[in-house]
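What follows is a short report on a single structure.
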Amino acid sequence: MIYWQLFLAFFIPGILGYGGGPSSIPLVENEVVGQYGWMTSREFSEVLAAGNALPGPIATKMAAYIGYTEGGIIGSLVALFATVAPSILLMLLLMAILLKYKDTPQVKNISNNVRPVIAILLGVLTYQFVKDSIVSTGALYTLILVVGSYILMEKVKLHPALVILIALAVGAVTGIIQYGIH
C-alpha cells in the first residue's frame, strides 16, 4: 500500500505542477505533510533545504529521499519514477503524434523552423564558452584547444568523449605545472 501512496504522492504533483520542481513543491508538501502525514512541515522544509543544496532537479531529489524514508530502496525508486512519469508519458504521447503526422506539411514546417533556432542557440552557447575560456585561460591556450579538438574529432575521427578526456588531462597537467600540487 505504501508504494501506491508514494506513487500518487509524487505523480499527482508531477501532473499538476506546471513548470517543474519549484511549482510542484507546494503540491508535494500537501501530499507528504497534509495527505499522508509522513513528515511535519518543519521536516519537509529541512528536506527541501537539503535538496536545494545538492545539484540537480529538486523534485527528483525530494522524491528519492522521501520515498526512501517511507519505503526503502523500492519506495525511493517508486517515488522517483512517479516524479518523472508525467514528463515521460507526455513526451511519448507527443512523439507518437509527431510520428503519426511526420509527413504532413505542418510537422515538416515545425522541424524546418526549429532547426535554425537550435543552431543559433548552440552558436550563442559556443560563443559564450569561447569568450569565457579566453578570459580565464587566454586566447592562445583556447585556440590550441579548439584547433586540437577539431583535428582530433574531424581528421583523426576520435570519439568526442575521448577528446573531452584528453582536454581534461591537458587542463590537469597544465594546472599542476602552473600552480603545482599543494
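Just so it is clear, the values below take in all heavy atoms, side chains as well, and ignore hydrogens, waters and symmetry mates.
By the 4.5 Å heavy-atom criterion applied to side chains, Trp4 and Val78 are not counted as neighbours. Between Phe10 and Leu80 there is no side-chain heavy-atom pair separated by less than 4.5 Å. Looking at heavy atoms from C-beta onward, Glu31 lies out of side-chain contact with Trp38 at the 4.5 angstrom threshold. Proximity of Thr174 to Tyr179: side-chain heavy atoms (C-beta onward) are nowhere separated by under 4.5 Å. Looking only at side-chain heavy atoms (C-beta outward), Leu27 and Ile12 stay at 4.5 Å or farther from each other. Within the 4.5 Å cutoff, the side chain of Leu8 has heavy atoms near those of the Tyr36 side chain.
With sequence neighbours left out, the side chain to side chain contact (heavy atoms under 4.5 Å, CB included) criterion links Phe81 to Phe7, Ala85. For Ser149, there are no side chain to side chain donor-acceptor pair (under 3.5 Å) partners two or more places apart in sequence or in a different chain. With sequence neighbours excluded, no residue forms a salt bridge (charged side-chain N to carboxylate O under 4.0 Å, His left out) with Glu43. Residues passing the salt bridge (charged side-chain N to carboxylate O under 4.0 Å, His left out) test with Arg115: none are found, sequence neighbours excluded.
Under the 4.5 Å side-chain heavy-atom criterion for grouping Ile, Leu, Val, Met, Phe, Trp and Tyr, Phe11 is not connected to Leu90 through any hydrophobic cluster. Val146 and Leu152 fall into different hydrophobic clusters, where Ile, Leu, Val, Met, Phe, Trp and Tyr are joined by side-chain heavy atoms under 4.5 Å apart, directly or via other members. The hydrophobic clustering, which links ILVMFWY residues whose side-chain heavy atoms are closer than 4.5 Å, places Ile164 and Leu158 together. Hydrophobic clustering of Ile, Leu, Val, Met, Phe, Trp and Tyr side chains at less than 4.5 Å, counting indirect connections, unites Leu16 with Ile25. Tyr68 and Ile58 are assigned to two separate hydrophobic clusters, defined by single-linkage of ILVMFWY side chains at heavy-atom distances under 4.5 Å.
Summarising the local packing, CG of Leu99 is surrounded by more than 12 heavy atoms from other residues, nucleotides or ligands at distances under 6.0 Å. The number of heavy atoms from other shown groups lying within 6.0 Å of CZ (Phe44) is above 12. When the shell of 6.0 Å around CD1 of Ile74 is examined, it contains 12 or fewer heavy atoms from other residues, nucleotides or ligands. No more than 12 heavy atoms of other residues, nucleotides or ligands lie within 6.0 Å of OH in Tyr65, so this atom counts as exposed by the packing criterion.
Summarising the geometry of Pro13 relative to Ser24, their closest heavy-atom pair is O-CB, 3.8 Å, with the distance given to 0.1 Å. Contact record, Thr142 with Ile134: OG1-N, 3.5 Å, taken as the closest heavy-atom pair. Contact between Glu29 and Ser41 at its shortest, heavy atoms only, is OE2-OG, 3.8 Å. Residues Val33 and Thr40 come closest through the heavy atom pair CG2-O, 3.8 Å. Across every non-hydrogen atom of Lys102 and Lys108, the tightest pair is O-CG, 3.7 Å. Of all heavy-atom pairs spanning Ala59 and Thr83, the tightest one is CB-CG2, 3.8 Å.
With rounding to the nearest 0.5 Å, the separation of CE in Met39 from OG in Ser45 is 10.0 Å. The CD1 atom of Ile176 sits 12.0 Å away from atom CD of Gln178, with the distance rounded to the nearest 0.5 Å. For the atom pair CG of Leu93 and CD1 of Ile88, the computed distance is 13.5 Å after rounding to the nearest 0.5 Å. With rounding to the nearest 0.5 angstrom, the CG atom of Leu162 is 15.0 Å from the NZ atom of Lys157.
Counting Ile, Leu, Val, Met, Phe, Trp and Tyr side chains that sit under 4.5 Å apart, directly or through other members, Leu122 shares a hydrophobic cluster with Ile110, Val114, Ile118. In this structure, Val124 shares a hydrophobic cluster with Ile120, the cluster being traced through Ile, Leu, Val, Met, Phe, Trp and Tyr side chains under 4.5 angstrom apart.
Side-chain atoms of Asn113 come within 3.5 Å of backbone N or O of Asn109 as a donor-acceptor pair. Here the side chain of Lys61 pairs a donor or acceptor atom with the backbone of Gly56 at under 3.5 angstrom.
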